[in-house]
Amino acid sequence: SDTWIDLYDDLYELPKGQYILSSEKSGYHMIYLFDANGKEIKALTPDKIDIGKILAVDELNSWIYYTSNESAPMDQNIYRVKTDGSARALLTPGAGYYTMQFSQNYQYRLMSYSNINTPPSFYITDSTGKILRNVETNEKAKKVKEQMKYSPWRFLEITTSEGINLNAMMLFPNNFDTAQKYPVLMYVYGGPGGQQVVDRWMGARGGWVQYLSQLGYIVLVADNRGTG
C-alpha cells in the first residue's frame, strides 16, 4: 500500500459535552475542540505544527498538556494550552527530551530529562514547575560513561540529490584522525513514523554503538523522509 493511517487514543470528554480530539486531518497532527454533535469548534494548537501526543487533560483547571518537537525535530518539549485554545505555553524550554507524568490532582509532576550525551534524570515539581525533589540523577551511569570514554554524538544534516535536508547524527572514534580512513556503519530504520535521530539518551543501544566506535567504526544514523 502507498498509504497508511496513524491511530491515536487522544480522545477526552469535557464536562459540557464537548470533547478534545487529536487528528492529522489538516496534514499536521493537531488538537481540536468539538461539540457534543461532532461539529468542530476550533483548533487548539497552531496550524502547521505537529504535536506528539496529549499527555493529560486537567478538566478542573481547563488545561491540556501535550508533547511537541516544535522547537527542533530532534527534541521533545512539553506544552500546555487552555481548553478554549488560549494561554498556550512552553513548560520545558531547552534542547533535549522531556517526559511528564501527573499526580491525580495535577498538583505534582514526575519529570525526566535527557539528551543524546546525558543519561536521564528524574525529578518531582509542583504545578508551577518548581523542583521539589530529585528522584534519580543517574550519577552512576554518568561515571560509567566517563570510565568507558564514550564519544559525543554530533548532529548534522544530509542534503539529498533532490535538495531535501535529512536529519542525521554521527559518532566518531575517540582518536579520530582526519587523515585516516574508517569503516562506517549506516544505521537506519527506513519506515514511516520511526524517527531515530532524537536528542535522547539511547540506553543499551547507545552502549552497543559506543563499543563499535571504540573498535574504530564511524556510526551514522539518518532519518529518511517520513520517519518523524
Side-chain angles (χ1 to χ4, degrees), residues 4 6-9 50-56 65-69 71-78 91-92 94-102 109-125 131 133-158 166-177 180 182-228:
W4 68 90
D6 284 326
L7 300 178
Y8 301 100
D9 296 325
D50 284 311
I51 73 158
K53 65 179 179 179
I54 297 176
L55 295 175
Y65 294 86
Y66 67 94
T67 64
S68 177
N69 61 1
S71 59
M74 292 80 71
D75 296 341
Q76 176 172 283
N77 278 293
I78 299 171
L91 302 181
T92 54
Y97 197 93
Y98 291 88
T99 69
M100 183 183 289
Q101 299 179 53
F102 301 86
R109 307 162 180 169
L110 173 63
M111 302 190 62
S112 74
Y113 169 79
S114 74
N115 63 41
I116 192 64
N117 294 310
T118 307
S121 58
F122 299 83
Y123 52 98
I124 294 173
T125 74
I131 297 177
R133 176 187 172 190
N134 287 313
V135 177
E136 178 58 72
T137 58
N138 264 321
E139 295 305 315
K140 188 177 293 186
K142 293 175 184 177
K143 289 181 180 179
V144 169
K145 173 177 172 280
E146 292 177 2
Q147 292 170 354
M148 298 303 294
K149 298 181 179 179
Y150 273 28
S151 298
W153 283 96
R154 308 178 192 181
F155 289 106
L156 65 150
E157 287 187 343
I158 298 174
L166 303 179
N167 292 322
M169 58 188 190
M170 187 174 289
L171 191 67
F172 293 91
N174 275 324
N175 298 320
F176 179 72
D177 183 351
Q180 300 294 322
Y182 295 83
V184 177
L185 173 70
M186 181 74 173
Y187 187 100
V188 298
Y189 166 66
Q195 183 179 3
Q196 301 296 310
V197 182
V198 181
D199 196 4
R200 173 182 59 194
W201 182 249
M202 296 178 70
R205 184 169 55 122
W208 175 66
V209 293
Q210 289 286 343
Y211 173 66
L212 292 178
S213 174
Q214 291 177 7
L215 291 178
Y217 286 83
I218 294 173
V219 180
L220 175 64
V221 181
D223 281 337
N224 53 282
R225 283 173 284 184
T227 55

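Rounded to the nearest 0.5 Å, atoms OG1 (T67) and CG (D75) are 12.0 Å apart. Separating the CZ atom in R200 from the OG1 atom in T99 is a distance of 10.5 Å, to the nearest 0.5 Å. Rounding to the nearest 0.5 Å places CD1 of I78 at 5.0 Å from OG1 of T92. Atom CE of residue M202 and atom CD of residue Q196 lie 7.5 Å apart, to the nearest 0.5 angstrom. Separating the CZ atom in F172 from the OH atom in Y182 is a distance of 10.0 Å, to the nearest 0.5 Å. Here CG of D223 is found 11.5 Å from CD of E157. Values are rounded to the nearest 0.5 Å.
S213 places no side-chain N or O within donor-acceptor distance of the main-chain N or O of L171, the cut-off being under 3.5 Å. Between the N134 side chain and the Y123 main chain, no donor and acceptor come within less than 3.5 Å of each other. No donor-acceptor distance shorter than 3.5 angstrom exists from the side chain of Q76 to the backbone of V198, with no hydrogens or angles considered.
Within the 4.5 Å cutoff, the side chain of P183 has no heavy atoms near those of the I218 side chain. I158 places a side-chain heavy atom less than 4.5 Å from the side chain of L220. Within the 4.5 Å cutoff, the side chain of R225 has heavy atoms near those of the L166 side chain.
With T125 as the partner, the side chain to side chain contact (heavy atoms under 4.5 Å, CB included) test is satisfied by one option alone out of R133, M100, R109: R109.
Evaluation of the side chain to side chain donor-acceptor pair (under 3.5 Å) test over residues 144-155, restricted to residues two or more places apart or in two chains, returns S151-N174.
The environment of K53 atom NZ is sparse: at most 12 non-hydrogen atoms of other residues, nucleotides or ligands sit within 6.0 angstrom. Atom CZ of F176 has more than 12 neighbouring heavy atoms from other residues, nucleotides or ligands inside a 6.0 Å radius. More than 12 heavy atoms of other residues, nucleotides or ligands shown are found within 6.0 angstrom of CG on D177.
Closest approach of N138 and E136 over heavy atoms only: N-OE2, 2.7 Å. For the residue pair V197 and M74, the shortest heavy atom distance occurs at O-CG, 3.4 Å. For the residue pair L55 and F102, the shortest heavy atom distance occurs at CB-CE1, 4.1 Å. Scanning both residues, G96 and N115, for their nearest heavy atoms gives CA-CB, 4.2 Å. Considering every non-hydrogen atom in both L212 and V219, the closest pair reads CB-CG2, 4.4 Å. For the pair I116 and F155, the tightest heavy-atom approach, listed with the atom from each and the gap, is CG2-CE1, 3.8 Å.
Not counting sequence neighbours, the partners of Y98 by the ring-ring contact (aromatic ring centres under 6.0 Å, His included) test are Y113. For Y217, there are no ring-ring contact (aromatic ring centres under 6.0 Å, His included) partners, not counting sequence neighbours.
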